[in-house]
Amino acid sequence: MAEILTAATENISVELKPAKANPKPGKLFIGGEFVDALSGKTFETRNPATGEVIAEIAEAGAGDVDLAVRAAQKAFEEGSPWRKMNPRDRSRLLWKLSELIRANAEELSELETLDTGKPIFESSKFDIPLSAECFEYYAGWPTKIAGETIANTAGGDALVYTIREPIGVCGQIIPWNFPLQMLAWKVAPALACGNTIVLKPAEQTPLTALRFAELTLEAGLPPGVFNVVTDFGPTTGKAMVDHPGIDKIAFTGSVEVGKEIMRGAANTLKRVSLELGGKSPNIIFADADLETAAKFALGGIFFNQGEMCTAGSRIFVEEAGYDEFMSVLRGRAAKMIAGDPLHPKTRLGSLISQEHLDRVMNYVSIGKSEGASVAIGGERIGSKGFFMKPTVLEGVTNSMRVAQEEIFGPVASVIKFKEPEEGIREANNSQFGLAAAIWTRDIKKAHQMARRVKAGTVWINTISTTDNAVPFGGYKSSGFGRELGRAAIDLYTETKTVWVDLNG
Ligand code: ADP
């Protein structure tokens with residue numbers, strides 16, 4: 001992804017053109033039907049690039065969460081329950097969902113770009129196709145979920161085996177940076193394992209989740225298997241965490257809310273998996289291919305306007321390679337232009353909101369007051385939307401706030417180090433541990449460093465790559481539990497042990 005991003009160096013217009021997609025007012029999706037909130041209230045979702053209202057969205061509350069949970073419980077337990085459906089049929093339904101995402105990819109890409117402000121290039125080449133692939137990948141799993149037979153060492157004769165069972169009703173709370181992809185990462189494995197779902201998209205970006213709900217009807221997913229409640233976190237999100245009928249909460253979002261969810265879920269001992277923030281080190285050793293490292297470093301931090309938990313936001317560069325690396329980085333970053341997210345050539349869109357832009361810009365000021373200098377960018381672009389120049393801070397030390405706190409925007413902090421030992425020590429000196437990248441031509445050093453970095457994903461001579469088949473998640477304050485791949489099957493199943501006495 002990084003290479004394609006940095007290839008975009010043309011100066012394009014930031015004039016905004018109207019969208020083709022025609023989003024409908026959003027209702028809640030409960031028990032296979034679109035319904036108004038019990039309160040009748042709605043809230044607005046806006047296009048961050050223009051500030052215009054895109055649609056009115058139903059504002060759920062605790063009562064609506066309760067209805068959604070009941071629908072999900074019913075689909076899990078009663079009639080011809082989802083959990084007992086022949087795995088082949090579940091596979092076909094997941095495959096059908098992937099086909100429907102592909103068939104509606106153009107509309108979904110546009111909705112995603114309207115709601116988030118991200119470039120249409122990214123929604124159409126990454127977010128939407130990767131979401132379809134996620135359903136394809138998990139369509140292969142229902143027929144392969146199996147327990148094991150275990151040799152019994154307790155004495156006597158017994159047959160001991162395990163069964164993997166779905167957990168029940170899963171409450172899934174997702175953020176605004178990759179709305180459909182985060183939905184896919186959570187919904188596809190949960191369904192593959194036979195769970196039912198109450199999903200809450202972020203209040204800023206409900207559109208693709210609601211369009212996906214329509215697609216579940218078209219696919220023939222039984223009513224109540226998948227439900228959507230749209231609203232804000234402290235009300236509806238909290239009501240989900242508190243609801244005794246929800247058996248598991250899967251959350252992606254900020255560290256602070258992650259902690260709150262963990263505390264809240266303790267009351268009902270819900271299973272919890274958390275994918276939280278990051279401050280990922282991108283470590284460039286002097287013996288690396290510095291030009292490639294610099295090109296990819298830009299993708300690592302500026303893809304999705306830097307609104308990524310895996311963003312390679314701390315760029316550690318070994319002194320001997322510093323000048324060469326920085327000259328490529330500066331040259332390419334300076335040419336990256338923000339523009340109309342719907343323009344196919346745009347590679348940097350709008351940040352999500354005024355509040356978020358203010359927060360990110362404030363970090364530039366904090367960096368300066370701490371002694372860092374702005375090598376590139378550091379400014380807002382225009383006054384419409386929330387566009388910001390790609391920003392690189394130089395002269396940063398790892399103890400500064402701009403190196404320790406997650407900025408979640410297009411701001412990279414470059415930190416110089418003298419020798420590898422110092423680089424790895426400083427890279428690990430962080431509360432986060434989501435991902436890290438290492439650039440070197442020395443294969444032994446690369447693997448040695450990969451073992452020493454405290455992070456859930458380590459990229460060697462690449463950055464920001466994920467795959468539906470590969471586990472993803474964090475160490476330390478970046479959360480726990482692994483999504484994607486086989487790991488997500490563990491996340492969405494309980495293990496039951498069965499003992500059969502064979503004595504006598
Ligand atoms: P961000 O900083 O990326 O907006 P948040 O952690 O605030 O991340 O939000 C991520 C998701 O968590 C959103 O769907 C949001 O509505 C939800 N959320 C926010 N606060 C709470 C809460 N107290 N309980 C449950 N969900 C919440």
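Just the heavy atoms: all of them, side chains too, but no hydrogens, waters or symmetry mates, feed the values below.
Between L100 and E218 the shortest heavy-atom distance is CD2-OE2, 3.4 Å. Of all heavy-atom pairs between P222 and M85, the closest is CG-CE, 4.0 Å. I284 and A288 get closest at one heavy-atom pair: CG2-CB, 4.4 Å. Listed here is the closest heavy atom pair of A427 and P281: CB-CB, 3.7 Å. For the residue pair W176 and A202, the shortest heavy atom distance occurs at N-CB, 3.6 Å. The heavy-atom pair separating R314 from S430 by the smallest distance is NH2-CB, 3.5 Å.
Under a 3.5 Å cut-off, the side chain of Y138 and the backbone N or O of G485 do form a donor-acceptor pair. Side-chain N or O atoms of T346 include none that pairs as donor or acceptor with a backbone N or O of G349 at under 3.5 Å. The backbone N or O of Q431 sits nowhere less than 3.5 Å from a side-chain atom of K279 that would complete a donor-acceptor pair. K248 contributes no side-chain N or O that, together with a main-chain N or O of Q172, makes up a donor-acceptor pair within less than 3.5 Å. Within the 3.5 Å criterion, the main-chain N or O of H243 finds a donor-acceptor partner in the side chain of K270. Using a distance-only test at 3.5 Å, with no hydrogens or angles considered, no donor-acceptor pair links the side chain of S478 to the main chain of L276. Under the 3.5 Å distance criterion, the side-chain polar atoms of E275 are left unmatched by any main-chain donor or acceptor of L434. Here the side chain of E112 pairs no donor or acceptor atom with the backbone of I128 at under 3.5 angstrom.
Salt-bridge check for R263 with E260: failed, with every basic side-chain N at 4.0 Å or more from each acidic carboxylate O.
With values rounded to the nearest 0.5 angstrom, L97 atom CG is found 12.0 Å from S131 atom OG. With rounding to the nearest 0.5 angstrom, the CD1 atom of I101 is 5.5 Å from the CZ atom of F212.
Between F29 and F226, the ring planes are tilted. Angles from 30° to 60° get that label. Ring geometry for F232 against F43 counts as tilted: the plane angle lies between 30° and 60°, on a 0 to 90° scale.
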Q: Walk me through it: do T208 and D115 pass the test side chain to side chain donor-acceptor pair (under 3.5 Å)?
A: CA-CA 9 Å; T208 46; D115 228 6; 6.0 Å; no
Q: Could you walk me through whether R70 and D66 pass the salt bridge (charged side-chain N to carboxylate O under 4.0 Å, His left out) test, one step at a time?
A: CA-CA 6 Å; R70 283 168 199 267; D66 189 50; 2.9 Å; yes
Q: Under the side chain to side chain contact (heavy atoms under 4.5 Å, CB included) rule, what do T236 and T230 come out as? Steps first, then yes or no, please.
A: CA-CA 8 Å; T236 288; T230 44; over 6 Å; no
Q. Between R102 and E99, is a salt bridge (charged side-chain N to carboxylate O under 4.0 Å, His left out) present by the stated rule, with each step listed?
A. CA-CA 5 Å; R102 283 193 195 288; E99 287 179 333; over 6 Å; no
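Of the residues listed (I246, N195, N227, I197), the one engaging V169 in a side chain to side chain contact (heavy atoms under 4.5 Å, CB included) is I246, and it is the only one. Between E494 and the choices R164, R271, R83, the salt bridge (charged side-chain N to carboxylate O under 4.0 Å, His left out) rule is met once, by R271.
Taking the six-membered ring for Trp and the full ring otherwise, F178 and W185 have centroids separated by 6.0 Å or more.
In the model, T495 has no side-chain atom that pairs as donor or acceptor with a side-chain atom of T162 under 3.5 Å.
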